[in-house]
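A quick write-up on the structure given underneath.
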Number of protein chains: 2
Amino acid sequence: MQTHFTIDCVIFSFDEGQLKILLAERNEYPYKEWWALPGYFVNKYEEMEDAVARILFEMTGLKDIYMDQLAAFAGVKRHPEGRILTVAYMALVQMEEVKNKIAPTSDYMRQLKWFPVAELPELAFDHRDIINLSLERLKKSVTYSTAPYELLPTKFTLTQLQQVYESILNKKLDKRNFRKKINNLGYLKELNEYQKGVSYRAAKLYSFDKRKFQKQFSQD
Amino acid sequence: MQTHFTIDCVIFSFDEGQLKILLAERNEYPYKEWWALPGYFVNKYEEMEDAVARILFEMTGLKDIYMDQLAAFAGVKRHPEGRILTVAYMALVQMEEVKNKIAPTSDYMRQLKWFPVAELPELAFDHRDIINLSLERLKKSVTYSTAPYELLPTKFTLTQLQQVYESILNKKLDKRNFRKKINNLGYLKELNEYQKGVSYRAAKLYSFDKRKFQKQFSQD
DNA sequence: TCAAAAGTGTTAGGTGTACACCCATGT
DNA sequence: ACATGGGTGTACACCTAACACTTTTGA
């Protein structure tokens, strides 16, 4: 038996203290003018990961993006025209790098827009389920993956990092406890640089040492 | 674009103190006479989960089995005849219930056999990758899923439970620490029954209270 | 001088880990 | 009586969670 085969991407970013997801307004039936996850058919001789990278590049202008397979969704009734199997991925991008690079339109979508996760519109197909799963996955992985640092610029403040944690975990964290924990991680580098352009005391900047991170997690 | 679409199952059980996987010897090309994960094509109007349940029933004679989607594998080169997308599932069964129910043969497989995870033969396709992923997943979920109890009979000793943990985590655990932790779980019920037919002091039997378990994990 | 966010320690309770011996049972 | 696994406690290190004030800076 054969099935149509697409990939869909939950593209996360962090901006204005909020976790956001990039959605596309469809320009095709079914669900014309509905918001949906960016995604498209996989080409015959194309690897899934390459299809995801291709679509991410079309959407954001970025290459070498962090991506992770979520699950396959293949409900017989998820598409009115019959089964279309989709493999969902989540991707994490830095908002600074993406801004003004978002591809505006194409024949099959009218516009792309970032939505805070708390303010998502109604979505086409089962895309809401896919997003819910991705949020779960992100939560579980926040402490033992590079996810927070994929969402942040290379130099960031501890407050920004805390906001990323808070927006992913969807709860407030205690500042002192957070900083104590962060200090014990061993893979953050305290820089001798400070925030600029703020009208209050400038915060120290930190960077993420991916090599040290991987060393720690390769022992288990 | 369309693709062939199958499901494959990593079926785990626990027996003789070891974690085991059910494998099928193929009777078809490619990989004829190789060991492979049980799996087959999904029918046109069949939900994936139903296909998994169907195949599990054919293989083990059991219904209502614990199953969990692992991931989609869709490499262009994974099958010599072109892309066949497979969605891998893991399933957990109790060996006692399965014994003597295993379907012996069919036109596409010669035999089914349980292999300890430490003694797996060379496998067809990318099935070794699928198993490796399932082992990882099982490890991660052992403390916060019902997995250990799916593998055990309804009444079990703490030593059996510890062996399940050890075989999943692939390391020895300290008996006293393990029992202390288990005592704090809150969803195990100490029965007033004891092991029978052993030539040494009989161990107390315990059972798993699924309702209490779910209550605990629904608060997060 | 004010507004805004940066930065900083201590305590108490709970959890993880290391470690060795006696007990009950069937043969 | 012996072989086999069942069952038990303590001490230390570490992590978690609760909690409030002073400092720095730019406007």
Side-chain angles (χ1 to χ4, degrees), chain A residues 14-18 139-140 142-144 148 152-153 155-207 216-217 219-220, chain B residues 14-18 139-140 142-144 148 152-153 155-207 216-217 219-220:
Chain A
F14 181 77
D15 187 37
E16 299 167 330
Q18 292 179 303
K139 250 188 218 181
K140 280 188 186 157
V142 70
T143 51
Y144 56 89
L152 287 169
K155 299 175 183 181
F156 52 85
T157 68
L158 294 184
T159 299
Q160 285 176 314
L161 183 58
Q162 185 175 344
Q163 286 172 340
V164 168
Y165 270 72
E166 288 177 340
S167 64
I168 290 175
L169 297 172
N170 198 24
K171 67 176 179 194
K172 286 276 160 215
L173 300 175
D174 179 88
K175 185 160 61 159
R176 277 176 293 185
N177 291 337
F178 181 78
R179 288 160 113 94
K180 204 189 317 166
K181 194 172 78 178
I182 289 299
N183 266 328
N184 291 332
L185 289 181
Y187 48 75
L188 287 192
K189 197 160 59 196
E190 188 177 347
L191 304 174
N192 273 325
E193 292 177 63
Y194 293 83
Q195 237 179 346
K196 276 173 193 163
V198 289
S199 73
Y200 46 81
R201 177 173 175 184
K204 203 157 214 178
L205 294 173
Y206 288 75
S207 71
Q216 282 189 30
F217 284 80
Q219 294 159 6
D220 317 331
Chain B
F14 182 76
D15 188 37
E16 300 167 327
Q18 291 180 305
K139 249 187 219 181
K140 279 187 186 161
V142 71
T143 51
Y144 56 89
L152 286 169
K155 300 175 181 181
F156 51 85
T157 69
L158 293 184
T159 299
Q160 285 176 312
L161 183 58
Q162 185 175 344
Q163 285 172 341
V164 169
Y165 270 73
E166 288 177 341
S167 65
I168 290 174
L169 296 172
N170 199 23
K171 65 175 178 192
K172 286 275 162 219
L173 300 175
D174 179 88
K175 185 160 57 158
R176 278 177 292 187
N177 293 337
F178 180 77
R179 288 161 112 94
K180 203 191 319 167
K181 193 171 78 176
I182 289 299
N183 266 327
N184 292 332
L185 290 181
Y187 48 76
L188 288 191
K189 196 160 59 196
E190 190 176 346
L191 304 173
N192 273 326
E193 292 178 62
Y194 294 84
Q195 240 180 344
K196 275 172 191 161
V198 289
S199 71
Y200 46 82
R201 178 175 175 183
K204 202 157 219 181
L205 294 174
Y206 289 75
S207 71
Q216 281 189 31
F217 283 81
Q219 293 160 7
D220 316 330

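Each chain gets a letter, A, B and so on, in the order its sequence line appears, and its residues count up from 1. Quick caveat: nothing in here was measured; it's all calculated off a predicted structure.
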Next item on the list: Taking B/Gln163 for its side chain and B/Gly17 for its backbone only, find out whether a donor-acceptor pair lies under 3.5 Å.
Entry: no
Checklist line | Residue list, side-chain hydrogen bond (donor to acceptor under 3.5 Å, both in side chains) with B/Lys180, at least two apart or on another chain | finding: none
Check: Rounded to the Å, how far apart are A/Arg179 CZ and D/dA20 C1'?
Finding: 15 Å
Checklist line | Distance in angstrom units between B/Glu166 CD and D/dG5 P, rounded | finding: 14 Å
Item checked: For chain A, the stretch of DNA chain C it reaches, first to last nucleotide, under 4.0 Å of its heavy atoms -> C/dA4 to C/dT10
Notebook entry, point to check: Taking only residues two or more places apart in sequence, or in another chain, which ones meet B/Asn183 in a side-chain hydrogen bond (donor to acceptor under 3.5 Å, both in side chains)?
Noted result: none
Check: If we only count heavy atoms from C-beta on, is the A/Leu188 to A/Ser207 side-chain gap below 4.5 Å?
Finding: no
Notebook entry, point to check: Got a salt bridge between B/Glu166 and B/Lys171, using NZ or NE/NH1/NH2 to carboxylate O under 4.0 Å?
Noted result: no
Next item on the list: Between protein and nucleotides 22-27 of chain D, map the contacts as a letter string: B base, S sugar-phosphate only, - none, heavy atoms under 4.0 Å, written 5' to 3'.
Entry: -BBBSS
Item checked: Protein-to-nucleotide contact annotation, 5' to 3' order, nucleotides 14-19 of chain D [B base; S sugar-phosphate only; - none; under 4.0 Å, heavy atom] -> ---BBB
Next item on the list: Quick one: label A/Lys204 by what it contacts on the DNA or RNA (base, sugar-phosphate, nothing), any heavy atom closer than 4.0 Å.
Entry: sugar-phosphate
Note to self: Please report whether the ring centroid of A/Tyr206 lies less than 6.0 Å from that of A/Phe156.
What the structure shows: no
Next item on the list: Please list, chain by chain and in numerical order, all residues satisfying ring pair (Phe, Tyr, Trp, His ring centres under 6.0 Å) with A/Tyr187, sequence neighbours excluded.
Entry: A/Phe208, A/Phe213
Next item on the list: Look up atom NZ in A/Lys204 and atom OG1 in A/Thr157, then write down how far apart they are to the nearest 0.5 Å.
Entry: 13.0 Å
Next item on the list: For B/Thr157, report the nucleic acid contact type (base, sugar-phosphate, nothing); a contact means any heavy atom under 4.0 Å.
Entry: nothing
Margin query: With a cut-off of less than 4.0 Å, is there a side-chain N or O of B/Thr159 near OP1 or OP2 of D/dG6?
Written below: yes
